[in-house]
K.L.:
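Please see the structure below; I have some questions.
Everything quoted here is computed from the prediction, not taken from an experiment.
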Amino acid sequence: KMAKHNIVTTSKMMGTKNDALIEVTCSAAKDLDNGRIAVVNFAAGTVDYAAANGGELFLICTPEHTRYNGEGLSEFFNPQGKKVRVMKIMQGDEFGTDAVVGGVSALVVGDKLSVKANGELGKDTSAGVFQVVEKKMVGHTLVADVRYIG
């Protein structure tokens, strides 16, 4: 069995209604999982994991229906050097992800989260810029719906 990759849901993000918030011209600086927080280096044409809250943050959300051979959502990732789709994260945006340090099951609604290593989110009571609004199952995966509160 392959490694399990993260999954993402974006139905409550402004980018779903405004294509200007979606960036598809840059390539993955390394293998990147969906549902993680990213930064875009437009000059270099690359996307990489964010390591902190600051600056323009993007959510990696390449449509999983581009996956091959009917593999499960958790088998999908963005290979290094390939184009990757990211959505700019705007104030009030909500998205679902399971890319959480320690796992989604450890979170409770209301927890504040910050960007940690490799674009994952982790608990941060003092400086969190994301907040857990719901936990739900997407297929066989427990996902946290989080809101960007800046």
Side-chain angles (χ1 to χ4, degrees), residues 1-24 26 28-42 46-67 71-80 83-150:
K1 181 176 172 0
M2 291 173 58
K4 182 187 170 306
H5 294 283
N6 298 121
I7 65 174
V8 64
T9 60
T10 59
S11 59
K12 294 181 179 172
M13 291 183 72
M14 292 180 206
T16 60
K17 298 174 186 71
N18 181 353
D19 288 346
L21 299 175
I22 297 174
E23 178 57 52
V24 293
C26 296
K30 58 180 171 242
D31 289 354
L32 299 175
D33 267 357
N34 270 359
R36 296 199 187 200
I37 311 303
V39 289
V40 177
N41 181 333
F42 290 101
T46 55
V47 175
D48 204 345
Y49 290 140
N53 291 335
E56 279 193 322
L57 297 177
F58 293 81
L59 179 68
I60 302 171
C61 57
T62 302
E64 284 115 337
H65 62 247
T66 61
R67 65 191 189 275
E71 67 204 3
L73 290 179
S74 62
E75 305 301 326
F76 179 88
F77 70 101
N78 299 278
Q80 179 176 357
K83 297 287 190 213
V84 56
R85 178 179 179 261
V86 296
M87 198 177 293
K88 188 173 177 185
I89 301 173
M90 304 297 288
Q91 191 79 25
D93 271 355
E94 285 182 26
F95 59 90
T97 183
D98 66 331
V100 175
V101 177
V104 173
S105 58
L107 300 178
V108 297
V109 170
D111 276 349
K112 288 189 175 173
L113 310 172
S114 279
V115 179
K116 304 295 185 183
N118 298 316
E120 289 192 297
L121 295 176
K123 285 189 196 182
D124 184 345
T125 53
S126 59
V129 295
F130 297 91
Q131 190 161 28
V132 179
V133 293
E134 190 183 352
K135 290 169 31 171
K136 64 185 182 196
M137 294 300 292
V138 176
H140 298 291
T141 304
L142 183 63
V143 167
D145 277 354
V146 298
R147 177 182 294 124
Y148 182 57
I149 56 176

K.L.:
Looking at residues at least two apart in the chain, or sitting in another chain, which of them share a side-chain contact (heavy atoms from CB on, under 4.5 Å) with Lys136?
P.N.:
Glu134, Val138, Asp145
K.L.:
What distance separates Ile149 CD1 from Gln131 CD, expressed to the nearest 0.5 Å?
P.N.:
4.5 Å
K.L.:
Are more than 12 heavy atoms, taken from residues, nucleotides or ligands other than Lys30, located less than 6.0 Å from that residue's NZ atom?
P.N.:
yes
K.L.:
Do the non-hydrogen side-chain atoms of Arg147 and Asp93 ever get within less than 4.5 Å of each other?
P.N.:
no
K.L.:
Can you list the residues that meet the side-chain contact (heavy atoms from CB on, under 4.5 Å) rule with Thr10, with sequence neighbours excluded?
P.N.:
Val8, Met13, Thr16, Leu59, Cys61, Met87
K.L.:
Can you tell if the side chain of Leu32 reaches within under 4.5 Å of the side chain of Phe77, non-hydrogen atoms only?
P.N.:
no
K.L.:
What's the shortest heavy-atom distance between Ala29 and Gln80, and which atoms?
P.N.:
O-NE2, 3.3 Å
K.L.:
At what distance, to the nearest 0.5 angstrom, does CD1 of Ile89 lie from CE of Met14?
P.N.:
11.5 Å
K.L.:
So, do Asp31 and Pro79 sit near enough that their side-chain heavy atoms are less than 4.5 Å apart?
P.N.:
yes
K.L.:
Quick check: do Asp48 and Asn41 have side-chain heavy atoms less than 4.5 Å from each other?
P.N.:
no
K.L.:
Measure across Phe42 and Cys26 and return the closest heavy-atom pair with its distance rounded to 0.1 Å.
P.N.:
CD2-SG, 4.3 Å
K.L.:
Hydrogens and angles aside, do Asn78 and Thr62 bring a side-chain donor and acceptor to less than 3.5 Å of each other?
P.N.:
yes
K.L.:
For Tyr148, check ring pair (Phe, Tyr, Trp, His ring centres under 6.0 Å) against everything at least two apart and list the hits.
P.N.:
Phe130
K.L.:
Side-chain polar contacts of residues 101-123 - donor-acceptor pairs under 3.5 angstrom, sequence neighbours left out - could you list them?
P.N.:
residue : atom : partner : partner atom : Å
Asp111  : OD2  : Val108  : N            : 2.9
Ser114  : OG   : Asn53   : ND2          : 3.0
Ser114  : OG   : Asp124  : OD2          : 2.7
Ser114  : OG   : Ala127  : O            : 3.3
Lys123  : NZ   : Ala106  : O            : 3.1

K.L.:
Looking only at heavy atoms, which two atoms of Ala99 and Gly35 are closest? And how far apart?
P.N.:
CB-O, 3.7 Å
K.L.:
For the pair Asp33 (side chain) and His5 (backbone), establish whether a donor and an acceptor sit closer than 3.5 Å, ignoring hydrogens and angles.
P.N.:
no
K.L.:
State, without any angle test, whether Asn6 and Asn34 hold a side-chain donor-acceptor pair at a distance under 3.5 Å.
P.N.:
no
K.L.:
Who pairs with Glu23 by salt bridge (charged side-chain N to carboxylate O under 4.0 Å, His left out), at least two apart in sequence or on another chain?
P.N.:
none
K.L.:
How many angstroms lie between NZ in Lys88 and CD1 in Ile22, if you round to the nearest 0.5 Å?
P.N.:
13.5 Å
K.L.:
List the residues meeting ring pair (Phe, Tyr, Trp, His ring centres under 6.0 Å) with Phe58, not counting sequence neighbours, and say none if there are none.
P.N.:
none
K.L.:
Using 0.5 Å steps for rounding, measure from the CD1 atom of Ile37 to the OH atom of Tyr49.
P.N.:
11.0 Å
